[in-house]
Amino acid sequence: QVRLEESGGGSAQAGDSLRLSCEMSRARRSGGYCLGWFRQVLGKGRQGAEAVAVLVTSGGTTRYGDSVKGRFTISLDKIKSTAFLQLAGLKSEDKATYYCVATEFRDRLCSLQSRDYKYWGEGTQVTVSS
């Protein structure tokens with residue numbers, strides 16, 4: 001069973017930057033995984049989580065949610081099996097619980113639908129004040 005452990009997050013002012021990390025362990029599939037983040041605002045279930053950014057651990061297209069394009073950047077340290085999400089130009093609407101997610105890579109592109117992700121971390125809170 002793949003395990004995901006997030007770190008980072010916290011509180012920031014609007015316009016500031018934060019960095020999230022997600023260490024993936026017990027991942028043994030040679031074909032790679034879709035790995036990234038979704039975020040969930042208070043009151044919405046996991047199925048309502050919004051895609052933030054995902055990548056393919058074996059190499060491939062990186063995808064971003066429309067609301068974060070140009071501001072957030074996802075990257076991967078393959079040796080450490082750790083993905084990073086750099087959040088820049090934070091806005092109040094970025095306030096949410098950010099979940100690291102993963103699933104086996106099978107299609108040409110990683111999905112931006114939360115229902116397609118099998119493995120979820122515990123989540124880390126990001127708060128943005130104006």
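Just the heavy atoms: all of them, side chains too, but no hydrogens, waters or symmetry mates, feed the values below. On a predicted model such as this, the values are computed, not experimentally measured, just so you know.
For the pair Leu4 and Cys100, the tightest heavy-atom approach, listed with the atom from each and the gap, is CD1-O, 3.4 Å.
Between the side chain of Thr124 and the main chain of Gly8, a donor-acceptor pair closer than 3.5 Å is present. Distance alone, capped at 3.5 Å, places no donor-acceptor pair between the Gln125 side chain and the Gly9 backbone. Between the Glu6 side chain and the Gly123 main chain, a donor and an acceptor come within less than 3.5 Å of each other.
More than 12 non-hydrogen atoms from other residues, nucleotides or ligands lie less than 6.0 angstrom from CZ of Arg106. Annotation: Glu122, atom CD; neighbour count of heavy atoms from other residues, nucleotides and ligands within 6.0 Å does not exceed 12.
Residue Val128 is grouped with residue Leu87 when hydrophobic side chains (ILVMFWY) are merged at heavy-atom distances under 4.5 angstrom, including chains of intermediate members. Taking hydrophobic clusters as Ile, Leu, Val, Met, Phe, Trp and Tyr residues chained together by side-chain heavy-atom distances below 4.5 Å, Val52 shares a cluster with Leu35.
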Using atom types as modelled, flag every donor-acceptor pair under 3.5 Å from a side chain in residues 12-24 to any protein atom, sequence neighbours excluded.
| unit_1 | atom_1 | unit_2 | atom_2 | d |
| --- | --- | --- | --- | --- |
| Gln13 | NE2 | Ser129 | OG | 3.3 |
| Asp16 | OD2 | Gln13 | N | 3.3 |

Would you mind writing out the side-chain donor-acceptor pairs for residues 53-61 within the sub-3.5 Å range, not counting sequence neighbours?
| unit_1 | atom_1 | unit_2 | atom_2 | d |
| --- | --- | --- | --- | --- |
| Thr57 | OG1 | Tyr33 | N | 2.8 |
| Thr57 | OG1 | Tyr33 | O | 3.4 |
| Ser58 | OG | Gly31 | O | 3.2 |

Side chains of residues 69-82: which donor-acceptor pairs under 3.5 Å do they make with residues two or more places apart or in other chains?
| unit_1 | atom_1 | unit_2 | atom_2 | d |
| --- | --- | --- | --- | --- |
| Lys69 | NZ | Asp66 | OD1 | 3.1 |
| Arg71 | NH1 | Gly89 | O | 2.9 |
| Arg71 | NH1 | Asp94 | OD2 | 2.7 |
| Arg71 | NH2 | Ser67 | O | 2.9 |
| Arg71 | NH2 | Asp94 | OD1 | 3.0 |
| Arg71 | NH2 | Asp94 | OD2 | 3.4 |
| Asp77 | OD1 | Ile79 | N | 3.1 |
| Asp77 | OD1 | Lys80 | N | 3.1 |
| Thr82 | OG1 | Lys80 | O | 2.9 |

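Within the structure, ring-ring contact (aromatic ring centres under 6.0 Å, His included) contacts touching residues 97-130 (residues at least two apart or in different chains) are Phe38-Tyr117, Tyr99-Trp120.
A search for salt bridge (Lys or Arg N to Asp or Glu O under 4.0 Å) contacts involving Glu104 returns Lys118, not counting sequence neighbours. Looking at residues two or more places apart in sequence or on another chain, you find a side chain to side chain contact (heavy atoms under 4.5 Å, CB included) between Arg28 and Arg26.
Distance check, rounded to the nearest 0.5 Å: OG of Ser111 to CZ of Arg63 gives 7.0 Å.
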